[in-house]
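Scroll down for the structure; my scribbles are underneath it.
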Amino acid sequence: MKEKREQETKRLPGVVTGITPREETFTGNKISHFILDAIRQDLGPGGPMEGRKVHTRFPPEPNGFLHIGHAKAIVIDFGTAEILGGLCNLRMDDTNPVKEDEAYVRAIKEDIHWLGYDWEDRFYHASDFFEEMYFFAEELIEKELAFVCEQTPEEVRESRGTLTKPGTESPWRYRPKEESLDIFRRMRAGEFPDGRYTLRARIDMASGNINLRDPVIYRIQHESHHQTGDDWCIYPMYDFAHPIEDAMEGVTHSLCSLEFEDHRPLFDWMVANLSLPTKPKQYEFARLDINYTVMSKRKLRALVEEGLVDGWDDPRLPTLSALRRRGYTPRAIRDFCERNGVSKVPSMVDIKFLEHCLREDLNLRAPRAMAVLDPVKLTITNYPEDQTETFTVDNLPGQPEAGRHTLSFSRHLLIERDDFMEDPPGRYYRLFPGNQVRLRAAYIIRCTGCVKDEEGRVIEVLAEYDPETRGGTAREGEKIRGTLHWLDQATAVQAEVRLYNNLFTVEAPDDDERDYHELLNPDSRITLENAWVEPWLQEDRSHLGYQFMRLGYFIHDHKDTTPDRLVFNRSVKLRDSYRPE
RNA sequence: UGGGAUGUAGCCAAGCGGUAAGGCACGGGACUUUGACUCCCGCAUUCGCAGGUUCAAAUCCUGCCAUCCCAGCCA
C-alpha cells in the first residue's frame, strides 16, 4: 500500500524541484492569476526583489487535520514555486503550545506528500526561531516601538475601543525602554505568572484597523512546547512571529487567505521596523469552500467527537485523509484546485466539480470490473446445469496492455435487482419479459419471466441465451440497446459496499441558522452487506480503485478490508442520463 | 463618514478602452458490448445599480446598493 502510494507520488508530474518552471497544469490548463502576476513584477526588472527566485511556504498550525481547503493553499504555495521555478518550505506555525500536537505534524506531512509535493530539506518550525524572535523583540523595545504592559486581558479589551470608536492608550505605553527591557528579560526568565505582563507593539490606538491598536506580541505561558519543551515560558504572537519566520527562512512571498488582509499593515510594519535579513511580501487569496459540507476545524472536530462520523478519515469528510480513503486521487484534487483558479472573491464551489475531476482522472486509469450491489438471481434456463465457460476481457477496454482478466459464466448468475422490471416504463431497455439484453462480454439473452415469493417479491429472473452471440456480439443487423453487468454465482465473492452521499442536506450548512445536527443527511452513508464482486478483486489492490461498470468508481477500504472480508467504498458515481418516463 | 475587501450565467472564472474566453452544472443530438466515455449543438444583447467621460466602457470617473472580514494574551 505504502509503496504504491509512493509510486503514484513519483509518477505525478510536478513534484517540486525548484528548477523547471511550469506554466500549465498537468492537465494542460494555463495557469495565470493575480498573485503570479504580482510576484513576477516583484521579482522582475525594477521590482523590489529584482533578481531573486520566488520562495514561498505552507505554514499550517499543527492543531488538526488538513482538508481540501488546505489543499488549495498547498497547491498555491507549492504550485507558485513550481510554476516560477522557485522553492517552497513546509513550516509548522507552532507559536501557541496549548493548541498544538506532534501527532498532527505527522499527519500533515503525510497528506502533503500524498498530494505529490516535497519540501526537500526545508522543513521548519516557527519555534526554530524563538531565539531570533526574542532578539527582535528586544530590538523593538530599544527602538521604543514596544513596551511591557500590565493591563489585564479585560482592560486590554476595554481600552481597545470598538469598531467605530478609537481605543485609549495603556498607562504603560510610555514606560521607559530600560524598564521594559528589564521586565521583558525577567518575563523570559520565568519570574512572573501567566498573564502578569505582555509585550505590546506601540503603533496607533486610534487606527481604524484594530490590529494596529498596540497589539500584544508576546504573552507569558508556562506551558511545555512540543518542540522546545520547557525552554520558554513566553511565546510570540502570530503577527509578530510570522514575518520573522518568513524572513529567516528566506521566503519572498507570504501567501495567505483573505482574513489576513487586515493584518498586512502589521506585517509590513514588522518588516519595516525589524532588521530582518530579507523583506517578504504578503498577498491574500480567497479560501476554498465547497457546498454540502463543512470546512471549519471546529465543526469537523465536533462531527468526529460526537461520533456523527467515524473519525477524521471517515470518507464522508472533506479532510485529505478521508478523501484518500474514499478513493480520491492526488491528481484529481490538484486538478480541482488549479482549475478553480485563484481570486479574491469569496466563493462556494459546487461539489459536482470535484466529482467531475475525480471521474476525469479515473476514467482514464481505473481498471474495470463487474460488481452486483443489490443482487437477484438470473437463471439461463437453456444453459446446461453443469457447464461453465470463461471469457477474457481487458482491464481497460481497448487497452489490452493495461492487463486482462477472465470472467466465468454458467447457468446461475447474479444481476442487479433494478435491471429487471416486470412492467417497465418506456425507454427502459433492461430485462423485462420478452426483451433482449446483452450480458456484457458473454451472451445476448431474452427474458422469459420471473419467479416470485409469497409476498410477490421477485426472487429469480428467467432468461434464455442465444449461443450464437458468444462474447456478446449481436446477430447481423440486430441492435441490442441494453448491456448489463453480471456475475457467475459460483465464483462471485461477497463484499460489503459503502455508498456515500453528501454529508449535509443543505448547500451551506455553515451559514444555516439551524443547528447542524438537523442538517445532516441521514443517507450520507448506505452500507450494503450483500454485494458481490469478481473474484480477482480479492487479491488485487489497485491504488486507483476500480470502475464497477455502470455503477461508479470504488476502492478497497484500506482500514476495514481483511483477508476474509472485502469492504469497498464508492468514491463517486458514474454520470447517469437515464430518466424513467 | 470605523477600517479592509469583493460584486461578470445556477457554480467557479478569463477579461486591464475596441464590442463578453474556458470549465462545472443543465438541456438537446450522434456514437456506444458501461444509459459511462467521446463528439456535436444550445446556454449573459450584457458584466451589482444609476449617472458621467469617450467615436467606443465589464474595463476610466462619480454616487449608491449588496455581501464578506476585523474588537483573542488564537492562527
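Reminder, nothing fancy here: chain letters follow the sequence lines and each chain counts from 1. Model, not experiment: these values are computed from the prediction.
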Is the phosphate of U34(B) approached by His485(A) (side-chain N or O, under 4.0 Å from OP1 or OP2)? no

Practice problem: Please state whether the phosphate of A13(B), meaning OP1 or OP2, lies under 4.0 angstrom from any side-chain nitrogen or oxygen of Ser343(A). | Solution: yes

- Hey, does the side chain of Thr95(A) come within less than 4.0 Å of A75(B)'s phosphate (OP1/OP2), counting only N and O? yes

Leu266(A) CG to G4(B) P, in whole Å, measures 16 Å

How about Tyr292(A) and Phe504(A): are their ring centres within less than 6.0 Å of each other?
no

Report which part of the nucleic acid Arg575(A) touches: base, sugar-phosphate, or nothing (heavy-atom distance under 4.0 Å, all strands).
-> sugar-phosphate

Mate of A20(B) across any strand shown (Watson-Crick or G-U wobble, both atom pairs under 3.5 Å) is none

- prompt: Ser577(A) side chain N/O closer than 4.0 Å to the phosphate oxygens (OP1, OP2) of A36(B)?
  reply: yes

Phe260(A) CZ to U6(B) P, in whole Å, measures 18 Å

Report task. Run the salt-bridge test on Arg446(A) and Asp466(A) with the 4.0 Å N-O cut-off and return the result as yes or no. Result -> no

Hey, does the side-chain of Arg427(A) have a donor or acceptor N/O within less than 3.5 Å of a partner on the base of G35(B)? no

Of the listed C11(B), A71(B), A13(B), the closest approach to the Asp350(A) side chain comes from C11(B)

Quick note, Phe353(A) side chain, CB onward, closest among G23(B), A36(B), A75(B) is G23(B)

| In terms of the angle between their ring planes, are Tyr546(A) and Phe568(A) parallel, tilted or perpendicular, with boundaries placed at 30° and 60°? | perpendicular

Item to complete: Check the side chains of Arg91(A) and Tyr124(A) for a donor-acceptor pair under 3.5 angstrom, ignoring hydrogens and angles.
Response: no

Taken to the nearest whole Å, OH/Tyr578(A) to C1'/C37(B) is 21 Å

Leu212(A) atom CG is separated from A71(B) atom P, nearest whole Å, by 14 Å

Applying the 3.5 Å cut-off to both distances, the Watson-Crick or G-U partner of G2(B) turns out to be C70(B)

Taken to the nearest whole Å, CD/Glu507(A) to P/A25(B) is 15 Å

* Asked: What nucleic acid atoms does Val342(A) come within less than 4.0 Å of, heavy atoms only: base, sugar-phosphate, or nothing?
  -> sugar-phosphate

The correct set of residues in residues 235-243 of chain A placing a heavy atom under 4.0 Å from RNA chain B is Pro236(A), Met237(A), Tyr238(A)

Check: Does any donor atom in the side chain of Asp239(A) or His263(A) lie under 3.5 Å from an acceptor atom in the other side chain?
Finding: yes

Among the nucleotides C70(B), U34(B), C73(B), whichever has the atom closest to the side chain of Asn211(A) is C70(B)

Under 3.5 Å, is there any donor-acceptor pair linking the side chain of Asp262(A) to the base of G3(B)? yes

Any strand, both distances under 3.5 Å, Watson-Crick or G-U wobble: C39(B) pairs with G29(B)

C37(B) and G29(B), which share atom name P, separated by this distance in whole Å:
16 Å

_Under 4.0 Å from OP1 or OP2 of A5(B): is there any side-chain N or O of Arg287(A) that close?_
no

So what does Arg430(A) touch, heavy atoms closer than 4.0 Å: a base, only the sugar-phosphate, or nothing?
base

Regarding the side chain of Arg160(A), the nearest nucleotide among A25(B), C24(B), A71(B) is A71(B)

Is it true that the side chains of Arg368(A) and His405(A) contain a donor and an acceptor less than 3.5 Å apart?
no

- Task: Over 60° means perpendicular and under 30° means parallel, so classify the ring planes of His125(A) and Phe123(A), tilted if in between.
- Result: perpendicular

Say you pick atom P in C70(B) and the same atom in U53(B); how far apart are they, in whole Å?
41 Å

*Is the gap between the ring centers of Phe129(A) and Phe136(A) under 6.0 Å?*
no

**Request:** Give one of base, sugar-phosphate or nothing for Phe391(A), where a contact means two heavy atoms less than 4.0 Å apart.
**Result:** nothing

Among the nucleotides A36(B), A25(B), C73(B), whichever has the atom closest to the side chain of Leu574(A) is A36(B)

Partner of C49(B) under the Watson-Crick or G-U wobble criteria, both distances under 3.5 Å, comes out as G63(B)

Whichever of His33(A) and His356(A) has the more 5' nearest nucleotide on RNA chain B, that residue is His33(A)

* If you look at every strand shown and take non-hydrogen atoms under 4.0 Å, does Leu163(A) touch a base, only sugar-phosphate, or nothing? -> base

- Task: Describe the nucleic acid contact of Tyr429(A) in one word from base, sugar-phosphate, nothing, applying a heavy-atom distance below 4.0 Å.
- Result: base

When rounded to whole Å, the CG to P distance for the pair Asn395(A) and C37(B) reads 21 Å

| Can you find a side chain N or O atom of Arg579(A) that sits less than 4.0 Å from OP1 or OP2 on C26(B)? | no

- Task: Output yes when at least one side-chain N/O atom of Arg550(A) is less than 4.0 Å from OP1 or OP2 of G35(B), else no.
- Result: yes

*Side-chain heavy atoms of Glu61(A) within contact of Asp94(A), under 4.5 Å*: no

**Study point:** Distance, P atom - from G28(B) to A36(B), rounded to whole angstrom
**Key:** 12 Å

Rounded to whole Å, the CD-P distance (Gln547(A) to U34(B)) equals 10 Å

The glycosidic conformation of G72(B), counting syn as within 90° of 0 and anti otherwise, is syn

Next item on the list: Could you work out the separation of U19(B) and U62(B) based on their C1' atoms and round it to a whole Å?
Entry: 24 Å

- Which part of the nucleic acid does Lys99(A) contact within heavy-atom distance under 4.0 Å: base, sugar-phosphate only, or nothing? base

Assess whether a salt bridge exists between Glu360(A) and Arg339(A), defined as any Lys/Arg side-chain N lying under 4.0 Å from an Asp/Glu carboxylate O. yes

Given the structure, check if the side chain of His263(A) and the base of A75(B) hold any donor-acceptor pair shorter than 3.5 Å.
yes

Practice prompt. Using only side-chain N and O atoms of Arg368(A), determine if any of them is under 4.0 Å from OP1 or OP2 of C37(B).
Written response: no

Worksheet item: Looking only at atom P, what distance separates A56(B) and G18(B), rounded to whole Å?
Response: 14 Å

- Query: Is the shortest distance from a Lys or Arg side-chain nitrogen in Glu284(A) or Lys344(A) to a carboxylate oxygen in the other one below 4.0 Å?
  - Reply: yes

Is Thr162(A) touching bases, backbone alone, or none of the nucleic acid, heavy atoms closer than 4.0 Å? base

If pairing means Watson-Crick or G-U wobble with both distances under 3.5 Å, then the partner of A56(B) is none

- Message: Heavy atoms only, 4.0 Å cut-off, all strands: where does Glu158(A) land among base, sugar-phosphate and nothing?
- Response: nothing

Legend entry - Span that lies between the C1' atom of G22(B) and that of A30(B), in whole angstrom: 24 Å

Atom CG of Asp93(A) and atom P of C74(B) are separated, to the nearest Å, by 14 Å

(request) Taking only the side-chain nitrogens and oxygens of Arg481(A), find out if one of them lies under 4.0 Å from OP1 or OP2 of G35(B). (result) no

Distance between the P atoms of G10(B) and C26(B), in whole angstroms?
15 Å

Result for 5'-nearest mapping on RNA chain B, choosing between Met549(A) and Lys165(A), is Lys165(A)

Salt-bridge criterion met for Arg202(A) and Asp214(A) (N-O under 4.0 Å): no

